[in-house]
Number of protein chains: 2
Amino acid sequence: MATGRNHRPATTRSRGIPEATVARLPLYLRALTALSERSVPTVSSEELAAAAGVNSAKLRKDFSYLGSYGTRGVGYDVEYLVYQISRELGLTQDWPVVIVGIGNLGAALANYGGFASRGFRVAALIDADPSLTGKPVAGIDVQHTDQLEQIIDESGVSIGVIATPAGSAQQVCDRLVAAGITSILNFAPTVLSVPEGVDVRKVDLSIELQILAFHEQRKAGEEALGEDETAPPAAPPAAAVTKRTEPGSDGDRPAVMPA
Amino acid sequence: MATGRNHRPATTRSRGIPEATVARLPLYLRALTALSERSVPTVSSEELAAAAGVNSAKLRKDFSYLGSYGTRGVGYDVEYLVYQISRELGLTQDWPVVIVGIGNLGAALANYGGFASRGFRVAALIDADPSLTGKPVAGIDVQHTDQLEQIIDESGVSIGVIATPAGSAQQVCDRLVAAGITSILNFAPTVLSVPEGVDVRKVDLSIELQILAFHEQRKAGEEALGEDETAPPAAPPAAAVTKRTEPGSDGDRPAVMPA
DNA sequence: CCATCTTTGTGCACGCGTTCACAAAGGCAT
DNA sequence: ATGCCTTTGTGAACGCGTGCACAAAGATGG
């Protein structure tokens, strides 16, 4: 089995900044950017917290990890804070990104305008389908998987986006890592196995919907109480379960992949 | 200010099941489905944990919240577990879903085959652009925003997906909620404000990339140690910051929206 | 029927994250 | 200059989540 890697404590305090705080910095940055565009000079923690959708105490503690950038009695200087957070997140430099798997989702990602504005630049598009090779998507010619290593080597990208079917994801991942990629954003519904030192973040629409369904069911169950909620459908070892998923119809493509 | 809502403890133990466990159930379900398709009858917690990318102790504890579905010395019956988790997540019933905002992403979502296999059915597509009205996307005719309330009322959906630009998101959200939607998956880069009882989950590609960039920067900084890492760029109140984001270019559209 | 071996289920401890509450700090008006 | 008022920054408490480690349970072979 090719698993067992990719398990760090998940609490790696990178330079003393808690992971939970890092995950919220982009939220603050977005809210601050909006304020900046409206030429608002300063904000209080209360206002900014409301705009970011978090607790004000949490926000202040988050900022305290970055340093004392506020002024008591006044608040935070918007422009200065934008810069500080941008710098902390590493957004003051340019991050070339390669997208592998130019299906419906990959194409959508390539067209995403929010990349450039945050310092992310789509450096290359790669797909295994020969019929796509050479065709422009979002103004960039799609290149064939065969040249993956060469492309990464030449463009010097360190962040890869995987938007391939699940079946190819691990293979693509391995090649990306071997070619020098150290950060991967994975849209394929698979658990990727990577060596230590490589970061993987995953986005899975299906999972989010399932979590919503859980809460939705709970809400419905509370209203119409007294349903046949607790009725064991079959014997534990007996396996006469209505399978909803016919083989091959799912778990094969990432969220948002076309047919 | 129209904020201050949408803040529940985030630790709502729905029926005793921790939120963190609920978030992992879809992972287990996916791994189990794969095993089921390979006709594997039983799995141990160790094997399944490896396939799902989690700790085996964590997995056992997660399952313990659902009940004692395993057999000591043997493991878990795959089919039975698939059913139990599906039932717990509410996937044994059909969940009609409405997608609002048929841009590049919305269209990609509409084409996503993983919906149906998990019990999610795209009931309607809605967009504000009149030129899209009536045109089929993924076999479904796009309908105009004017009919939003009517559509939701007739189709009886309870889950809505927002893939509109950020500027329209809150307005769309309000209308969805008013029409009876109680669960929202938000792709727009905005903090949605919803009344109590409505669940919102957000997916933001830009945020994920920024988190990756942070770690990537940290990795690079550790290698090339001794950089001018700690060099305050400007005075705090002075605001001569190189703004990377020109107004309107960002924060206006959800991740994966076309131009 | 008994012994052995595997694997579950969980009690317990630990650590991170969140929140409260308040003292310190700075602006501002008088 | 002085006092008041606002807001930050943080010490401390609490709660959830995670992982260890082991006892209980059941299957399996003799």
Side-chain angles (χ1 to χ4, degrees), chain A residues 4 6-25 27-28 32 40-78 80-81 84 211 235-237, chain B residues 4 7-25 27-28 32 40-78 80-81 84-85 211 235-237:
Chain A
N6 188 24
H7 287 294
R8 58 168 175 170
T11 316
T12 315
R13 287 219 171 174
S14 317
R15 192 174 145 197
I17 301 180
E19 192 60 30
T21 296
V22 173
R24 280 188 293 268
L25 289 183
L27 284 178
Y28 303 145
L32 285 165
V40 178
T42 59
V43 283
S44 68
S45 63
E46 202 75 43
E47 293 169 323
L48 185 54
V54 299
N55 187 294
S56 69
K58 193 187 297 185
L59 179 140
R60 287 198 301 273
K61 178 143 290 194
D62 283 341
F63 285 176
S64 77
Y65 292 116
L66 308 182
S68 288
Y69 293 150
T71 305
R72 302 181 187 223
V74 176
Y76 299 92
D77 182 272
V78 172
Y80 185 63
L81 204 47
Q84 288 299 340
I211 296 173
Chain B
H7 287 295
R8 60 168 174 169
T11 317
T12 317
R13 287 221 173 173
S14 316
R15 193 174 143 197
I17 300 180
E19 194 59 31
T21 295
V22 174
R24 280 189 295 268
L25 289 182
L27 284 179
Y28 303 144
L32 285 165
V40 178
T42 60
V43 283
S44 67
S45 63
E46 203 74 43
E47 294 168 323
L48 185 55
V54 300
N55 188 294
S56 69
K58 194 186 298 184
L59 178 141
R60 288 197 299 275
K61 180 147 290 192
D62 283 342
F63 285 174
S64 77
Y65 291 115
L66 308 182
S68 289
Y69 293 149
T71 305
R72 302 183 187 220
V74 177
Y76 299 92
D77 182 272
V78 172
Y80 186 64
L81 205 47
Q84 288 299 339
I85 295 180
I211 296 173

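- Here the nucleotide nearest the side chain of B/Arg60, chosen from C/dT19, D/dG17, D/dA21, is D/dA21.
- At whole-Å resolution of the value, CG in B/Leu66 and C1' in C/dG9 are 13 Å apart.
- The side chain of B/Ser45 contributes an N or O atom lying less than 4.0 Å from OP1 or OP2 of C/dT8.
- Atom CG in B/Asn55 sits roughly 12 Å away from atom P in D/dA21 (whole-Å rounding).
- The shortest side-chain heavy-atom distance between B/Thr21 and B/Leu66 does not fall under the 4.5 Å cut-off.
- Look at CD on A/Glu19: it is 13 Å from P on C/dC16, rounded to the nearest Å.
- Ring centers of B/Phe63 and B/Tyr69: at least 6.0 Å apart, outside the cut-off.
- Residue B/Pro18 has its side chain nearest to D/dG17 when only D/dG17, C/dA21, C/dG17 are considered.
- Side-chain contact between A/Leu81 and A/Tyr28 is absent, with no heavy-atom pair separated by less than 4.5 Å.
- With rounding to whole Å, B/Asp77 atom CG is found 16 Å from C/dT7 atom P.
- Picking from C/dT18, C/dT10, D/dT18 the nucleotide with the shortest atom distance to the side chain of B/Lys58 gives D/dT18.
- A close approach under 4.0 Å does not occur between any side-chain nitrogen or oxygen of A/Tyr76 and OP1 or OP2 of C/dG26.
- Rounded to whole Å, atom C1' of D/dG19 lies 13 Å from atom CD of B/Glu46.
- Spacing between atom OH of A/Tyr65 and atom C1' of D/dG11 amounts to 12 Å, rounded to whole angstrom units.
- Distance CZ/B/Arg60 to CG/B/Asn55: 8.0 Å, rounded to 0.5 Å.
- Here the closest heavy-atom approach between residue A/Ser45 and residue A/Ser56 is recorded as O-CB, 3.9 Å.
- Going from atom CG of A/Asp62 over to atom C1' of C/dT19 covers 12 Å, rounded to whole Å.
- Heavy atoms only, all atoms of each residue included: B/Ile85 and B/Leu32 are closest at CD1-CD1, 3.7 Å.
- A close approach under 4.0 Å does not occur between any side-chain nitrogen or oxygen of B/Ser44 and OP1 or OP2 of C/dT7.
- Summary of helix geometry: the two end axes of the helix from C/dC1-D/dG30 to C/dT30-D/dA1, each defined by five base pairs via their C1' atoms, are inclined to each other by 10° (rounded to 10°).
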Once base and sugar-phosphate atoms are separated, protein heavy atoms under 4.0 Å mark nucleotides 24-30 of chain D, 5' to 3', with B, S and - as BB-S---
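- When side chains are defined from C-beta on, A/Glu47 does not count as touching A/Tyr76, because their heavy atoms never get closer than 4.5 Å.
- Closest approach of A/Leu48 to A/Leu59, counting heavy atoms only: CG-CD1, 3.8 Å.
- Side-chain atoms of B/Lys61 and base atoms of D/dT18 include no donor and acceptor less than 3.5 Å apart.
- Taking both residues in full, the closest heavy atoms of B/Tyr65 and B/Lys61 are given as CD1-O, 3.1 Å, listed atom of the first, atom of the second, then distance.
- Close to C/dT7, at under 4.0 Å from its OP1 or OP2, lies no side-chain N or O of B/Tyr69.
- Counting to the nearest Å, the P atom of D/dG9 and the CZ atom of A/Phe63 are 9 Å from each other.
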